[in-house]
Every structure is written in structure tokens, then in C-alpha cells.
Amino acid sequence: MRLRFAPSPTGYLHIGAARTALFNWLYARKLGGTFLLRIEDTDTQRSTDESTRSIIEGLHWLGLDYDEEMVFQSANADKHRAAALQLIDAGKAYRDFTPKAERADANVKQEIAERARAASATGTDHRSNPFRDLSSQESNTRAAAGEPFAVRLKVAREGLSTFEDAVYGAQEREHSEIEDLVLLRSDGHPLYNLSVVCDDIEMRITDVIRGQDHLTNTHKQILIYEALGAPVPRFAHLPLILAPNKAKLSKRKHGEVVSLTTYRDRGFVPAAFRNFLALLGWSPDDEQELLSREQLVEKFSLSGIHRAPAVFNFNETDARQWTDQKALWMNAEYIRTMPVAELAVMVRAELEAAGLWKPEYETTRRAWFERSLEVIRQRFHTLKDFSGQGRAYFGDEFEFDDAAVKKNLQKEPRLRELLPALAARIEQTEPFTLETCEATLRAYADEAGVKAGLFINAARTALTGQSVGPSMFEVFDLIGREASARRLRDAARLI
RNA sequence: GGGGUGUUGGUGGAAUUGGUUACCACGCCGCCCUCUCAAGGCGGAGGCUACGGGUUCGAUCCCCGUACACCCUACCA
């Protein structure tokens with residue numbers, strides 16, 4: 001059993017494409033099949049190496065490894081051409097000498113509809129082509145004379161094509177509804193439907209899992225398989241992923257939310273995003289939603305794939321909902337429950353990028369580092385938070401949140417004197433632990449005649465710059481005696 | 001214009017292949033916990049299962065129609 005993921009390298013890796021790759025990979029891994037990667041770069045105008053790199057990076061990030069060498073479709077163009085020419089000789093395709101009609105990409109849809117309307121009004125068969133029944137002798141002569149031609153598949157006038165889709169069930173289409181599709185452009189360039197089929201045959205693909213946008217194309221491709229005398233693979237089409245307004249998710253309209261790399265760059269844990277993606281258009285038999293890579297492989301089945309398109313829910317006007325809330329929740333869930341050692345690797349990369357990493361976090365301060373992660377990860381949503389909200393735990397350079405300063409420091413002017421005094425007590429606390437810090441702080445609050453909460457909240461802002469965070473005594477313990485005292489004194493100057 | 005596919009609370013999905021008060025997760029609201037914010041625990045709001053017919057003792061589930069959405073209909077992929 002052999003499957004493939006065949007993206008075209010035009011722009012970044014779209015999350016819908018990433019999901020298609022995931023499902024192919026899951027199915028291959030579950031059944032012990034082979035998972036291949038083919039880059040469909042026949043559109044030389046739009047294909048870029050950078051895009052190919054981003055696809056490979058994306059797959060790697062998601063943990064989807066592919067078998068065998070990656071295939072570039074453009075390298076097979078000669079074979080595709082040969083196949084088309086072979087079909088002419090076999091009488092299954094013909095040369096169309098009609099001059100090429102220029103078509104503007106922007107209004108093709110409209111043009112198609114208009115053309116169809118006009119054809120039905122005049123009663124002409126849109127499939128009639130004067131060259132379809134040209135004698136092979138004349139066709140050969142004109143070709144030999146150098147006259148340009150496109151190659152079209154000779155679709156039978158009657159009959160119908162059928163196939164069983166693993167997701168959408170039995171599909172059938174009358175041949176009369178299929179135009180004699182172009183296989184080869186008049187400049188010799190092979191077209192999509194021909195190329196995919198040829199490559200899938202060459203790569204001995206047995207199962208094609210791809211987006212539902214190809215469901216109706218499948219009939220045409222089956223016709224090509226048959227003309228070529230090759231076995232037809234099994235098909236499974238995946239429901240599309242739509243934007244909140246039910247429109248197609250597109251780069252132009254929706255921007256970076258549809259790019260897989262965005263999730264990497266904005267601090268997603270790969271396992272979390274993979275988990276989320278797997279649940280878009282598929283669900284396991286039971287109700288478990290948090291699934292490891294192994295569990296996904298084990299539970300995956302084509303029968304769990306849905307037919308209705310899935311809406312990727314996000315809100316461009318609300319920064320907190322820049323992407324699907326469930327994806328965000330799932331990422332937080334992974335951050336707070338995954339083994340700390342695994343998290344440490346990712347946080348290290350994040351801190352390095354932010355210039356906050358210190359080598360001792362992996363040597364002498366390893367225990368401290370992991371304990372810190374354990375404490376602060378409880379309320380973080382992305383890896384970015386470790387260098388953002390969590391900045392004060394890894395260095396003295398951090399920002400003060402204005403609202404926090406107003407509420408926890410400036411609201412009580414007495415703190416200007418009380419904070420340095422508290423700093424002195426904290427400094428002398430021996431031993432310096434979570435418990436002794438608490439005892440010190442509470443004792444001094446009593447002595448000064450203020451509520452412990454006043455000190456606690458003020459200290460939180462003084463030590464971390466924020467109004468929210470872990471239990472304050474944990475914070476003292478993590479930040480340490482010296483830095484804690486220093487920050488308390490420094491904060492007094494903000495009042 | 002033609003063809004295809006689909007439609008369960010705001011979102012992702014369930015519902016023993018017709019059987020009592022339509023279930024889970026995210027999100028939202030409230031309470032508890034509490035030094036804040038999360039997490040966690042408890043509770044709640046939110047659905048005439050798109051609409052209209054039909055079959056049936058009984059329909060989310062089967063059939064027909066309508067509406068809407070998306071896809072294909074290209075010498076794009």
C-alpha cells in the first residue's frame with residue numbers, strides 16, 4: 001500500500017494541505033504502508049524553491065516523515081508528454097489544432113457560465129470538436145508541418161464512470177458531462193490531470209487521499225488511467241476547511257492564520273497542533289480528544305472522516321482569537337501537561353531566540369530551570385509566553401505592565417517606604433524557602449498593620465512586572481533572595 | 001447555465017446503521033477554591049437536528065422538494 005502527499009509549491013504550506021498530509025501519513029503508518037512526498041511544480045511561473053523548503057520544514061515540524069526520495073513532478077514532464085503522444089497513436093486522444101484562446105484568470109468562472117449558457121441557447125454541443133474525428137493521416141501531416149496543437153483525451157460519448165469513494169461513497173458521472181479534456185497544451189506543457197495520473201502510476205500509488213475539491217476531477221482522472229491501461233487506485237476525499245464566513249480559506253483573504261509556519265512561529269507545540277488538525281474533519285470512535293501521535297495512528301480510520309466541510313474558527317478583529325480557540329486551548333493543555341524535559345527543549349529554543357538563554361540552565365541550574373517551567377507553564381498558552389510574560393524569571397530586563405503598576409504599587413503610597421523595608425526582611429530570611437518567605441512577609445504585614453495581600457500583590461508586580469502569575473511565595477523562591485530584594489527596592493521608585 | 005457534495009447549539013464533533021428528557025469538547029456565564037490569574041471542582045445559558053412535505057406506531061437517522069454553502073465545469077493546479 002502506497003500513499004503520497006502532493007502539494008504544489010506555490011506559497012507557504014496551507015493548514016488544509018498540512019491536514020491532507022497528516023491523514024495520508026496516519027493512514028500509511030497505521031497500515032504499514034509507504035508515505036511519499038511529491039512536489040507538483042509543473043507551474044513554473046508560480047513554483048518556488050522557498051515554498052518547497054517551507055513544505056518540507058512544515059512536515060518535519062509536524063513530525064510527518066516520508067519514505068523514499070521526494071519526487072519533483074517537473075522532472076517527469078517528458079514522460080507525461082510521451083504518455084499523451086502514446087494515447088494519440090492508440091487512438092485514445094487526438095490533436096486539436098484550434099488556436100489557443102487567451103483566458104483571463106480573474107473571470108474564468110463567469111466565462112464558463114456564459115459560454116455554457118450561450119451553448120445551450122444555440123443548442124450546440126459544447127463537446128463537439130471538429131478535430132476529434134480527423135483522420136490520423138491528416139492529423140499526422142499537419143503536425144509534421146509544424147502546426148501547433150493541443151492534445152485532448154477522446155472521451156466516450158456514452159456511458160458513465162463510477163468509483164467508490166471511501167468517504168463520500170459511490171460516485172458516478174455521465175461521460176456526456178465530461179468534455180474532451182486537454183492533456184497537453186499546444187506549447188507541449190502537460191496539464192495537471194495528466195501529470196498526477198502519470199506520476200501516481202509511476203509511483204505505484206494505491207490509495208489517494210486528497211481534498212474534496214478533486215472529487216469531480218476524479219472521474220476525468222479515472223478516464224486517463226483507463227486509457228493508459230493502468231489500475232485505478234482507491235480514493236478518499238477529505239472535507240474542505242472553511243473560514244468562519246464559510247468561504248474558502250485563502251492566503252489573500254485570511255492571511256497568516258492559514259499558514260502552518262505561523263503556528264510554529266507563534267509558539268505552538270507541534271504535537272498540539274497536529275492533534276488539533278487531526279480533529280478537523282475526523283473523529284475517533286470514542287470521545288477522547290487529546291491524542292498522542294501513536295494514539296492517532298492507532299485510532300485513525302477512513303470511516304471516521306466526515307463529509308461536511310469544517311469551519312476553522314477565528315476572529316481577525318480580536319487578537320485573543322487570532323486562531324481557533326480550541327487550538328489555543330489544546331496548545332495550553334499540552335504545555336501544561338507534557339513531560340517537563342520535553343518542554344525544556346522547546347523553551348530553550350524560545351529563550352535563545354529572545355536572547356534570554358543561559359547555558360547553566362542545562363548544567364548547574366537545570367533543576368531550577370525545570371522547577372521554574374513547572375510553575376510558570378500552568379498559565380501559559382504558547383511557547384512565546386516563556387519569553388513574554390515569563391521574561392522576569394530569566395533575567396532582570398523586563399517590562400512593567402502599566403495597569404499592574406497603578407493597581408498594585410501606586411494605589412498605596414505607603415509602599416514607597418514599606419517595600420524597601422520588606423526587601424530588608426526578605427534579604428535576611430534564613431533559610432530562603434517558599435515557607436520562610438511567606439512567614440517573613442506575613443509577619444511584617446502584621447507589624448506594619450497592612451493586609452498581607454497588599455504586600456503579595458505589590459511584590460508580584462515588583463518581581464515580575466505583572467498583576468497575575470503563580471503563587472507569590474513560589475515566585476520569591478524561584479527569583480531568589482538577592483534579585484527579589486533588589487526588585488522590591490527598585491519598584492519602590494516607581495511609586 | 002450544467003454537474004457534484006454537503007447542512008446537528010457560536011465552533012469542532014457524538015448519537016448502538018429509526019426507539020424514551022439529542023451527548024462530548026472548545027468558547028461563554030455563575031459558584032467554590034484563593035494572595036492575583038490560571039488550573040481544578042460544581043452548576044448554568046445556548047438546538048423546533050436548514051426549511052417544507054412524505055414513509056412509519058415512532059425520524060437527527062430513510063425518500064422527495066426548496067433554500068443556502070462549497071467544489072468542479074480552464075490549453076490553472
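In this text, all values refer to a predicted model and were calculated from it rather than measured experimentally. Below, chain A is the first sequence line, B the second, and so on; all start at residue 1.
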Cation-pi check, Arg266(A) to Phe268(A): give yes when NZ or CZ is under 6.0 Å from the six-membered ring centre and within 45° of the ring axis, no otherwise.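 No; the conditions do not both hold, so Arg266(A) does not lie above the ring face of Phe268(A).
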
Tell me whether the guanidinium CZ or amine NZ of Arg152(A) lies under 6.0 angstrom from the six-membered ring centre of Phe131(A) and within 45° of its axis.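 Judged by the rule, Arg152(A) and Phe131(A) form no cation-pi pair.
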
Would you indicate, yes or no, if [N] has its OP1 or OP2 atom less than 4.0 angstrom from a side-chain nitrogen or oxygen of [X]?
X	N	answer
Lys109(A)	G1(B)	no
Arg115(A)	G1(B)	no
Gln171(A)	G4(B)	no
Ser283(A)	A14(B)	yes

Any side-chain donor paired with an acceptor under 3.5 Å for Asn193(A) and Gln221(A)?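 Gln221(A) and Asn193(A) do have a side-chain donor-acceptor pair below 3.5 Å.
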
No-hydrogen, no-angle side-chain donor-acceptor test under 3.5 Å, Ser195(A) and Thr42(A):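 Judged by distance alone, the side chains do not pair up.
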
Nearest to the side chain of Arg320(A), which nucleotide is it out of G3(B), A74(B), C28(B)?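 Looking only at side-chain atoms, Arg320(A) lies closest to C28(B).
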
Glu177(A) side chain, from C-beta outward: closest of G3(B), A74(B), A77(B):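 Shortest atom-to-atom distance from the side chain points to G3(B).
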
5′-ward residue of the pair Arg185(A)/Ala113(A) relative to RNA chain B: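 Whichever sits nearer the 5' end wins; that is Ala113(A).
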
Check every strand shown and say whether [X] touches a base, only sugar-phosphate, or nothing at a heavy-atom separation below 4.0 Å.
X	answer
His214(A)	base
Ser8(A)	sugar-phosphate
Leu240(A)	sugar-phosphate
Thr10(A)	nothing
Lys220(A)	sugar-phosphate

Can you give me the closest heavy-atom contact between Asn129(A) and Tyr94(A), atom names plus distance?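 Smallest heavy-atom distance, with atoms named: CB-OH, 3.5 Å.
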
Could you tell me how far [M] sits from [N] if I compare only their [atom1] atoms? Round to whole Å.
N	M	atom1	result
A45(B)	G9(B)	C1'	11 Å
G18(B)	C62(B)	C1'	8 Å
C23(B)	G47(B)	C1'	13 Å
U60(B)	U49(B)	P	7 Å
A15(B)	U73(B)	P	34 Å

Using the salt bridge (Lys or Arg N to Asp or Glu O under 4.0 Å) rule, collect all pairs that involve residues 305-328 of chain A, keeping only residues at least two apart or in two chains.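 For residues 305-328 of chain A, and leaving out neighbouring residues, the salt bridge (Lys or Arg N to Asp or Glu O under 4.0 Å) pairs sorted by first residue read Glu289(A)-Lys326(A).
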
Run through Val257(A), Leu277(A), Val269(A) and flag the one making a side-chain contact (heavy atoms from CB on, under 4.5 Å) with Tyr263(A).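 With Tyr263(A) as partner, Val257(A), Leu277(A), Val269(A) yield a single side-chain contact (heavy atoms from CB on, under 4.5 Å), made by Val257(A).
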
Set out, line by line, the N/O atom pairs under 3.5 Å between protein and nucleotides 35-45 of chain B.
{"unit_1": "C35(B)", "atom_1": "O2'", "unit_2": "Asn457(A)", "atom_2": "OD1", "d": "3.2"}
{"unit_1": "C35(B)", "atom_1": "O2", "unit_2": "Arg460(A)", "atom_2": "NH2", "d": "2.8"}
{"unit_1": "C35(B)", "atom_1": "N3", "unit_2": "Met472(A)", "atom_2": "N", "d": "3.1"}
{"unit_1": "C35(B)", "atom_1": "N4", "unit_2": "Ser471(A)", "atom_2": "OG", "d": "2.2"}
{"unit_1": "U36(B)", "atom_1": "O2'", "unit_2": "Ser467(A)", "atom_2": "O", "d": "3.3"}
{"unit_1": "U36(B)", "atom_1": "N1", "unit_2": "Arg460(A)", "atom_2": "NH2", "d": "3.2"}
{"unit_1": "U36(B)", "atom_1": "O2", "unit_2": "Arg460(A)", "atom_2": "NE", "d": "3.4"}
{"unit_1": "U36(B)", "atom_1": "O2", "unit_2": "Gly469(A)", "atom_2": "N", "d": "2.9"}
{"unit_1": "U36(B)", "atom_1": "O2", "unit_2": "Gly469(A)", "atom_2": "O", "d": "3.3"}
{"unit_1": "U36(B)", "atom_1": "N3", "unit_2": "Arg460(A)", "atom_2": "NH1", "d": "3.3"}
{"unit_1": "U36(B)", "atom_1": "N3", "unit_2": "Gly469(A)", "atom_2": "O", "d": "2.5"}
{"unit_1": "U36(B)", "atom_1": "O4", "unit_2": "Gly469(A)", "atom_2": "O", "d": "3.4"}
{"unit_1": "U36(B)", "atom_1": "O4", "unit_2": "Ser471(A)", "atom_2": "N", "d": "3.4"}
{"unit_1": "C37(B)", "atom_1": "O2", "unit_2": "Arg379(A)", "atom_2": "NH1", "d": "2.3"}
{"unit_1": "C37(B)", "atom_1": "N3", "unit_2": "Arg379(A)", "atom_2": "NH1", "d": "2.3"}

Test: Lys451(A) and Glu412(A) ion pair at under 4.0 Å: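 Salt bridge flag = no for Glu412(A) with Lys451(A).
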
Are Asp200(A) and Arg38(A) within salt-bridge range, i.e. N to O under 4.0 Å?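 Between Arg38(A) and Asp200(A) there is a salt bridge, with a charged N closer than 4.0 Å to a carboxylate O.
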
Send over the distance from Ile178(A) CD1 to G4(B) P, rounded to a whole Å.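 Spelled out: CD1 on Ile178(A) to P on G4(B) is 12 Å.
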
Enumerate all atom pairs, one protein N or O and one N or O from nucleotides 6-12 of chain B, separated by less than 3.5 Å.
{"unit_1": "U11(B)", "atom_1": "O4'", "unit_2": "Asn313(A)", "atom_2": "ND2", "d": "3.1"}
{"unit_1": "G12(B)", "atom_1": "OP1", "unit_2": "Val311(A)", "atom_2": "N", "d": "2.7"}
{"unit_1": "G12(B)", "atom_1": "O2'", "unit_2": "Leu279(A)", "atom_2": "O", "d": "2.9"}
{"unit_1": "G12(B)", "atom_1": "N2", "unit_2": "Glu289(A)", "atom_2": "OE2", "d": "3.2"}

